[in-house]
Protein chains: 2
Amino acid sequence: MDGVQPMTTGPRRGRPPAGGREQILKASLEVLRERGIARLTTREVAERAGVSEGSVFYHFGDRFGLLRAVFEGSLTPLLKLSVAGVAAADVRTTLENFSDAVQGFLATGLDVLLAAHGDAELREGTAAFLAEQDYGPHRGIRIIGDYLATQQAAGSVRADVDPRVVAYLIVSDALSRTMQPKLLAHAKGVPTRKAFFDSIMAMLST
Amino acid sequence: MDGVQPMTTGPRRGRPPAGGREQILKASLEVLRERGIARLTTREVAERAGVSEGSVFYHFGDRFGLLRAVFEGSLTPLLKLSVAGVAAADVRTTLENFSDAVQGFLATGLDVLLAAHGDAELREGTAAFLAEQDYGPHRGIRIIGDYLATQQAAGSVRADVDPRVVAYLIVSDALSRTMQPKLLAHAKGVPTRKAFFDSIMAMLST
DNA sequence: GTCTATAGGTTGATAGAC
DNA sequence: GTCTATCAACCTATAGAC
């Protein structure tokens, strides 16, 4: 007994069982982030994925198809946001959790959106895809806005605030907070998350 | 008399007196926006500028130098923001004017920042340049925050709000509003500018 | 300062064996 | 499905005349 399983499942020489296709997608995302879309070559992607260039074209047809697959693959699995997933005992914690969830998504999603922006064809293709999926900030705004409206009806939130505007402030804050370090590589002079939510709660308090 | 001036100022064949260097910078910005950084070639820039490729390299050394010049040229002339420039009789109008000024700048500046993000070397070069210039949202936040603090001291703004947070909300709103159509090519579900400022003023009202 | 011509290196993509 | 060639196109950059 040496712990090695019999090779009855076919030829599996060299590398681990990792599927080539997945490796290529993963490598592409990596190159996109590290080098930028202007420097992403099918050659480097293949190298990092540990496959040949031919494999890249076999799976995705052409460079455009590869990038398209990367973008849609990164953007799709996100819109699972819901209040249920982040609901907590008090309003503040619920809002904070929601903000964290949005930021968590944006941390990945923005890289992809920014990358797409560097190539006109990809930019348009991605925009069409997003429009088709009805993707956008209005989703987050509605989810959290509805939640606030409910709380308002229950009397836990001041009656004369606009729930949708407050929801927008939270989504907008999440966007700014995620975007800033990406575009400027530093984040100074911006109020802390705590200060931000202190002010939001002051707006909401009855 | 046929309205043609004598050609005593030297050789000016073909096109108008426009300086080649400026034409190249302008064309580059144009290509950057239309096609994206991944598709910007010195060839197309030269073509659009109406000069030869050799001229491009004569003026900027290499492709990197060209893009660097474009970026720094677009980013520099901006940070002239001040309250003085937008001050109005009432608080709301002043804030709205300031917001417009920020959005006006971002409309141009963001294109450049997004483009730089598509190439790792440019991304780092631009980040270094911005850090050196102490560029960032903290400038706008401080300007408008100071203004609000003054109004607060004068009694025209409620005492228990955090001026810097409100300033941040305004800058953050400007960023979101400018960024969204660029990244998503549509803008739905976002509160109107009017609704946003209504809520801001409600926060500030004594 | 601007042009033409061209060199030299990459890059996306294909063909065919395994 | 994956690999090894291989190509044709393209792109940055340089040299030298005007």
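A, B, ... follow the sequence lines: proteins, then strands. Residue 1 opens every chain. Since the model is a prediction, treat every value here as computed from it, not as a measurement.
- Atom NZ of B:Lys26 has 12 or fewer heavy atoms from other residues, nucleotides or ligands within 6.0 Å.
- Put simply, OG1 on B:Thr126 and CD on B:Glu72 are 7.5 Å apart, with the number rounded to the nearest 0.5 Å.
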Distances under 3.5 Å between nitrogen or oxygen atoms of protein and nucleotides 13-18 of chain C:
| unit_1 | atom_1 | unit_2 | atom_2 | d |
| --- | --- | --- | --- | --- |
| C:dA13 | OP2 | A:Arg63 | N | 2.7 |

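- For A:Arg177, the side chain to side chain contact (heavy atoms under 4.5 Å, CB included) partners at least two apart in sequence or on another chain are A:Gln103, A:Asp173, A:Val190, A:Arg193, A:Phe196, B:Tyr168.
- Across the protein-nucleic acid pair, B:Phe60 atom CZ and D:dT14 atom P stand 16 Å apart, rounded to whole Å.
- Shown here are the side chain to side chain contact (heavy atoms under 4.5 Å, CB included) partners of B:Arg48, two or more places apart in sequence or in another chain: B:Ala27, B:Glu30, B:Val31, B:Glu34, B:Arg35, B:Glu44.
- Between the CD atom of A:Glu22 and the P atom of D:dT2 there is a distance of 11 Å, rounded to whole Å.
- Atom CD1 of A:Ile37 and atom P of C:dT11 are 15 Å apart (whole Å).
- Exactly one of A:Ile144, A:Val157, A:Ile200, A:Ile141 qualifies for a side-chain contact (heavy atoms from CB on, under 4.5 Å) with A:Val166. That residue is A:Ile200.
- Here the closest non-hydrogen pair linking B:Thr94 and B:Ala88 is OG1-N, 3.0 Å.
- The distance from atom NE2 of B:His59 to atom C1' of D:dT14 is 16 Å, rounded to the nearest whole Å.
- For the OP1/OP2 pair of C:dT2 and a distance below 4.0 Å, the side-chain nitrogens and oxygens of B:Tyr58 include no atom meeting the criterion.
- A:Thr41 comes within contact range of the sugar-phosphate backbone alone, with a heavy-atom separation under 4.0 Å but no base atom that close.
- The nearest whole Å value for the distance from the CZ atom in A:Arg39 to the P atom in D:dC11 is 16 Å.
- As judged by a 4.0 angstrom heavy-atom cut-off over every strand, B:Leu40 is placed among residues touching the sugar-phosphate backbone only.
- Atoms CG (A:Leu67) and P (C:dT11) sit 15 Å apart, rounded to a whole Å.
- Regarding B:Glu47, its CD atom lies at a distance of 15 Å from the C1' atom of C:dT4, rounded to whole Å.
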